[in-house]
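See structure below.
Note that these values count all heavy atoms, side chains included, but never hydrogens, waters or copies made by symmetry. For clarity, every value in this text was computed on a predicted model and none was experimentally measured.
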Amino acid sequence: MDFALDPTSAPHGVPPIDFRKELNDEQFAAVTAPPGPLLVLAGAGSGKTRTLTYRVAYLLSQGVRPGEILLLTFTNKAAKEMLHRVQDLTGVEPGRFWGGTFHSIGHRTLRMHGETIGLPRTFTILDADESESLLRDAVESADKAFFKDKTHPRPGPLHSVISMARNTQLSLSETVTRFFPQYDTLIERLPLFAKKYAEAKRQANVLDYDDLLEFWLELLKKSPETAAYFSHRFRHVLVDEYQDTNTLQSQIVDAIGAHHQVMAVGDDAQCIYSWRGANFENILTFPDRHPGTVMHYIETNYRSTPQILALANAVLLAQPKGRHFDKELRPHRANSEKPYVVQSMDSREQAQFIVQRIRGLTDEGCALSDIAILYRAHFQALDIQLELSRLQIPYQITSGVRFFEQAHVRDLIALLRFVYNPSDTLAWNRLVVLLPKVGDKGAQKIYAAALDHAKLLQKNFVDVLDSDDVRSRVPKDAKEEWPKLVTSLQQVAEVMRTMKPSNAIETAIDGWYGDYLKGAFANYVSRLDDLKSLIGFATRFEDMQDMLAQIMLLNGETSNRSADPDADALRLTTVHQAKGLEYAAVFLIGLADGMFPLRRSIEAGDVEEERRLFYVAVTRARDELYLCWPKVNTKGGPAMLMTPSRFLQEIPADLYQPLKIKRSYGW
């Protein structure tokens, strides 16, 4: 089908739209491009969503029927917003399109055609908890004792391993090596577990979320008739955020778009989700898989000042040659201040500077909700949270809960609280229910037995936990772990009596809870970083009581704050969670080598995704950008001198202005 490029033609009752007037030159070229394989590289702040929305409206104006358009997105919210905007433009109701997430479209497809590959139409879909429960049963049918070892992944993390392998189309062995190295000793055992899980789903006639994609692709590959039907039906396949597709999703797009009438919209410079399966190669090799691809670059940025964009372009220029698409963001706005580079002595001084500058911004009329503090990893925001809480400045964490409210941090604090004060039964319960088959009542029974024994023998509570009387109250499934937990508690107690709080935390991490963490969380490495950051925090205290009191007071000050997303509160977020958002002023913290990029990325020799993440971070800012780095790092132990992030060092010095902190925190 060839288009006559008449911007005001309007068949099927679609009202005329002056596309030429509504779009800039770059957007207009992409929106009105003839059908065929199209790769639209839309830079940050350039109007990607607008382009995709107007493309749908344009197809309708050229006589394409709604049912011939397939719109694939990564959230149902994105699809609804685009299709409702299309309705505003054209009057065509969203329900007439096939638009939604890959999983929702996969589900719709399998309901219609799944019987072709032996999938009964009566299948039901498991939610995440049900998937993990079924996996637990499947694993225990093959190895009843597997989950009794606390270093083994629990059903949730194990499901994450299997899911990652399926979505990336990698072997389980390679998946573990690349994404879950803490489970490398289990590589040989995992294929059997995955096989048993698949069999259990088939027997119960249920699918998990990954099945919706895997069976969709299998349907397209094994049933030429079905593939031909979809290829003919969907004359136009539009994919949003194409750089975020995993291998499975890109293969689905290729199979449906066999006629090559695919428009993939994305930005290779914003591919930052490899840790959840996104494959950078998908967007790079799109032109190779779809011969004749026409490239469209949308580079006019409506968000940021020219000075911020100049710095962002310098980040892109530092990318390795041949491993990215060349692009240059062009400003639409007037000149303003250059970004600031701020060196602080340490993360505490960094926090104090930021709070002082935020006060200045609010005095100048900037809303707190239009200011963001971005960081690479959650633990890097600890001092910021402490300073904001101390000064009662409202803030919201859009990338999760506050530092001391995270489950693994609360677990470790509970361990310390209990050792310091064995009468703290709430801390005891939180800790002991982490053992297999121990609930609140079981924890209370063990506690009562230990208390009676301690009184009888006139001994310290922790010292009697390894006695026969107490051990007899421990459930059978927890007996193997009990001595390890008790030994860890006793070691922490000894260190707490003779050394400093930081030593007690280090001992706790190295003991039973560190092993528990490995099995309990798929993102074990980042959670371990959080706990190690507590060691640095604890060096500020000589007494355990003072440290625990400070933590409890901080939680008390913040726990009742409103979580209203519309509240005028400062935004704290990881860079990953900030993608797609924008703020008047952005503070990017922890810009030192080893913190951003993370040390593990440096050691793996893979910093390119970290550089793209840095690019995403700086392009969140509209008016002011502060790039902050601490000279000294105290996380995890003794102070270490830091060097500025290599990403900062790559930027020409004339693109930013150094901002020196005076010890009075004026500048």
Considering all heavy atoms of both residues, which atom of [X] and which atom of [Y] are nearest to each other, and what is their separation?
{"X": "His236", "Y": "Pro35", "value": "CE1-CB, 3.8 Å"}
{"X": "Gln270", "Y": "Gly43", "value": "NE2-C, 4.2 Å"}
{"X": "Arg620", "Y": "Gly580", "value": "NH1-N, 3.2 Å"}
{"X": "Ala520", "Y": "Pro157", "value": "O-CG, 3.3 Å"}
{"X": "Thr124", "Y": "Arg111", "value": "CA-NH2, 4.4 Å"}
{"X": "Arg235", "Y": "Ser231", "value": "NH1-O, 4.1 Å"}

Carboxylate-amine/guanidinium contact [X] [Y], below 4.0 Å:
{"X": "Glu582", "Y": "Arg303", "result": "yes"}
{"X": "Asp593", "Y": "Arg599", "result": "no"}
{"X": "Glu603", "Y": "Arg600", "result": "no"}
{"X": "Asp208", "Y": "Arg166", "result": "yes"}
{"X": "Glu174", "Y": "Arg178", "result": "yes"}
{"X": "Lys196", "Y": "Glu140", "result": "no"}
{"X": "Glu281", "Y": "Arg323", "result": "yes"}
{"X": "Glu115", "Y": "Arg121", "result": "yes"}
{"X": "Asp149", "Y": "Lys518", "result": "no"}
{"X": "Glu132", "Y": "Arg136", "result": "no"}
{"X": "Glu218", "Y": "Lys221", "result": "no"}

Within 45 degrees of the axis of the six-membered ring of [Y] and under 6.0 Å from its centre: does [X] put its NZ or CZ there?
{"X": "Arg376", "Y": "Phe614", "value": "no"}
{"X": "Lys201", "Y": "Tyr197", "value": "yes"}
{"X": "Arg233", "Y": "Phe230", "value": "no"}
{"X": "Arg611", "Y": "Phe647", "value": "no"}

Which of Lys327, Lys48, Gln243 passes side-chain hydrogen bond (donor to acceptor under 3.5 Å, both in side chains) with Asp267? Answer is Lys327
Answer yes or no: is there a donor N or O on one side and an acceptor on the other, between the side chain of [X] and the main chain of [Y], under 3.5 Å?
{"X": "Asn282", "Y": "Thr245", "result": "yes"}
{"X": "Gln27", "Y": "Ile298", "result": "no"}
{"X": "Gln649", "Y": "Pro644", "result": "yes"}
{"X": "Glu130", "Y": "Asp127", "result": "yes"}
{"X": "Arg55", "Y": "Val31", "result": "yes"}
{"X": "Arg612", "Y": "Cys271", "result": "yes"}
{"X": "Glu610", "Y": "Leu598", "result": "yes"}
{"X": "Glu299", "Y": "Glu328", "result": "yes"}
{"X": "Gln251", "Y": "Leu248", "result": "no"}
{"X": "Arg154", "Y": "Lys150", "result": "yes"}

| message | The test is side chain to side chain donor-acceptor pair (under 3.5 Å); show your working for Ser104 and Thr101 and say whether it passes. | response | CA-CA 5 Å; Ser104 66; Thr101 64; 3.2 Å; yes
Any donor-acceptor N or O pair under 3.5 Å, side chains [X], [Y]:
{"X": "Asp530", "Y": "His408", "result": "yes"}
{"X": "Glu609", "Y": "Ser274", "result": "yes"}
{"X": "Asp210", "Y": "His103", "result": "no"}
{"X": "Trp275", "Y": "His576", "result": "yes"}
{"X": "Tyr513", "Y": "Asp411", "result": "yes"}
{"X": "Asn301", "Y": "Ser46", "result": "no"}
{"X": "Asn279", "Y": "Asn246", "result": "no"}

Under the side chain to side chain contact (heavy atoms under 4.5 Å, CB included) criterion, do Leu627 and Val618 qualify, and how do the steps go? CA-CA 9 Å; Leu627 305 172; Val618 301; 4.1 Å; yes
Do the side chains of [Y] and [X] get nearer than 4.5 Å, heavy atoms only?
{"X": "Pro153", "Y": "Phe146", "answer": "yes"}
{"X": "Leu588", "Y": "Tyr375", "answer": "no"}
{"X": "Leu374", "Y": "Val586", "answer": "yes"}
{"X": "Leu186", "Y": "Phe193", "answer": "no"}
{"X": "Ile162", "Y": "Leu135", "answer": "yes"}
{"X": "Pro320", "Y": "Glu608", "answer": "yes"}
{"X": "Arg646", "Y": "Ile602", "answer": "yes"}
{"X": "Val161", "Y": "Tyr183", "answer": "yes"}

Do Asp268 and Phe280 pass the side chain to side chain contact (heavy atoms under 4.5 Å, CB included) test, and can you show the C-alpha distance, the side-chain angles, and the key distance before you say yes or no? CA-CA 7 Å; Asp268 59 301; Phe280 183 63; 3.9 Å; yes
Report yes if the distance between the aromatic ring centroids of Phe286 and Tyr242 is under 6.0 Å, otherwise no.
yes
Gap separating the [atom1] atom of [X] from the [atom2] atom of [Y], nearest 0.5 angstrom:
{"X": "Asp211", "Y": "Leu119", "atom1": "CG", "atom2": "CG", "result": "8.5 Å"}
{"X": "Thr53", "Y": "Leu238", "atom1": "OG1", "atom2": "CG", "result": "10.0 Å"}
{"X": "Trp512", "Y": "Leu517", "atom1": "CH2", "atom2": "CG", "result": "10.0 Å"}
{"X": "Leu59", "Y": "Ile69", "atom1": "CG", "atom2": "CD1", "result": "4.5 Å"}
{"X": "His378", "Y": "Arg402", "atom1": "NE2", "atom2": "CZ", "result": "10.0 Å"}
{"X": "Ser533", "Y": "Leu528", "atom1": "OG", "atom2": "CG", "result": "10.0 Å"}

| Given Phe102 and Phe74, is the ring pair (Phe, Tyr, Trp, His ring centres under 6.0 Å) satisfied, shown in steps? | CA-CA 7 Å; Phe102 280 87; Phe74 278 85; 5.6 Å; yes
